[in-house]
Number of protein chains: 2
Amino acid sequence: MDRFLSNAVNRIDAKGRVSVPAHFRAVLQKRGYQELYALGALDVPAVDMGGLDLLDRYEARIGAEDPFLQAADDMSFFCHGDGAFVKVDTEGRMTVPDFIREHTGITTEVAFVGRGQFFQVWEPGRFASHRHEVRARLLKLRQELSAQTRALDPSGGVA
Amino acid sequence: MDRFLSNAVNRIDAKGRVSVPAHFRAVLQKRGYQELYALGALDVPAVDMGGLDLLDRYEARIGAEDPFLQAADDMSFFCHGDGAFVKVDTEGRMTVPDFIREHTGITTEVAFVGRGQFFQVWEPGRFASHRHEVRARLLKLRQELSAQTRALDPSGGVA
DNA sequence: CCAATTCCCATTGACGCCCATGAAGTCCCA
DNA sequence: TGGGACTTCATGGGCGTCAATGGGAATTGG
């Protein structure tokens, strides 16, 4: 297994630590990352987390912009100033920093959600809501499309 | 880690000193700089700080300009005349000079903001405001772009 | 000689490292 | 196929180390 998949909810202990799911840790180790890069998502109360490759991808994107325009400055301010490194201890736990709690609303439990090349952390309740929203949007999209084409439904369907 | 990342707010003591975040100090040491070069940002109430390489980059930028144009003269006047060196003591603290206080509005607390190749100092309140502005601009930019490309979304995904 | 700055030491609070415990899952064997 | 032993993992807590901060002493410059 080489990508972040499925989801799990873990509890934050009295010292503010939470176990990163063993499966995610295995992916990180396989890719050679001991430290996590974390960045609050733009439009949802979630924080994206992943290896340094996540930051590299943002920096590559910045490199494509004219460095004297505001867009490049904004992007750097966002991914460097708003991002952070998060350490994972020898037991596979990370301490949840304040900016993650503020951005996500996390207090006592953390929902880890695999996203392929990275994963997200959510407040469990908000994650459940968002999941339903996404499902509803996809269902609607599929119904709209199937009136014209079967593109989203190669065999039995997405849902 | 070899770049300035994440942000932290530290307090100025009675003598006007403030601790440079340990992570930033580690980056400076790795690059071999004991002294900081500081220059007030043009369009925001922040001061850019970094090693001598920061000044080098500014000078390289000046060198790219036609020396007969006023722009080159202005740039040189600005980054040499308005820039300053800031010392870091044995404890990793710097004294906040007056021009930084005036340009940023800093009084009792300093927000250190990583920017990759350099970092910035802000008054914490203004930093928070600017952060929200940047996020709003990027969100808008992303929505405009997503009609054509998913470049800002590392997943390239639906959500 | 005074004032500002720098160096040194002390405190405290946060964080990383270690060990322990209990629950859940897996594998093997009868 | 069912049960038991082993492994893995999430979680809790003690302890040492380091960083941020405060204050005093020494040094330097005007």
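Throughout, a chain's letter reflects where its sequence line sits, starting with A, and its residues are numbered from 1.
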For the pair made of [atom1] in [X] and [atom2] in [N], what is the distance, rounded to whole Å?
X      : N      : atom1 : atom2 : value
A:I12  : C:dC15 : CD1   : C1'   : 16 Å
B:R93  : D:dG22 : CZ    : C1'   : 7 Å
A:M94  : C:dC15 : CE    : P     : 12 Å
A:R11  : C:dA24 : CZ    : P     : 13 Å
A:F112 : D:dC9  : CZ    : C1'   : 14 Å
B:H23  : C:dG16 : NE2   : P     : 13 Å
B:D13  : C:dC9  : CG    : C1'   : 15 Å
B:F85  : C:dT5  : CZ    : P     : 19 Å

[X] side chain, from C-beta outward: closest of [options]:
X     : options                : answer
A:K15 : C:dT6, D:dG13, D:dG22  : D:dG13
A:E91 : D:dA10, C:dC19, D:dA20 : C:dC19
B:R17 : D:dG12, C:dC17, C:dC8  : C:dC8
B:D89 : C:dC7, C:dC17, D:dT11  : C:dC7
B:N10 : C:dT6, D:dT21, D:dT11  : D:dT21
B:A22 : C:dC17, D:dG14, D:dA20 : D:dA20

> What are the two closest non-hydrogen atoms of A:R17 and A:T95, and how far apart are they?
Replying inline: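 In this case the closest contact between A:R17 and A:T95 is CG-CG2, 3.7 Å.
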> How far apart are the closest heavy atoms of B:S19 and B:F112, and which atoms are they?
Replying inline: O-CE1, 3.5 Å
> Are any non-hydrogen side-chain atoms of A:Q29 and A:R25 less than 4.5 angstrom apart?
Replying inline: no
> When the aromatic ring centroids of B:F127 and A:F77 are compared, is their separation below 6.0 Å?
Replying inline: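 Judged by ring-centre distance (under 6.0 Å), B:F127 and A:F77 do meet the cut-off.
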> With a 4.0 Å cut-off on heavy atoms, is B:S19 in touch with a base, just the backbone sugar-phosphate, or nothing at all?
Replying inline: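 Base, at least one base heavy atom under 4.0 Å.
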> Charged N to carboxylate O under 4.0 angstrom, A:D74 versus A:R61?
Replying inline: no
>> Taking A:R115 first and then A:D48, would you say they form a salt bridge - that is, a charged N and a carboxylate O separated by under 4.0 Å?
In response: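 No, A:R115 and A:D48 are not salt-bridged.
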> What bend angle does the helix from C:dC1-D:dG30 to C:dA30-D:dT1 show across its length, from five-pair end axes and to the nearest 10 degrees?
Replying inline: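 Angle reported: 30°, given to the nearest ten degrees.
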> Does CZ in B:R31 sit with more than 12 non-hydrogen atoms of other residues, nucleotides or ligands closer than 6.0 Å?
Replying inline: yes
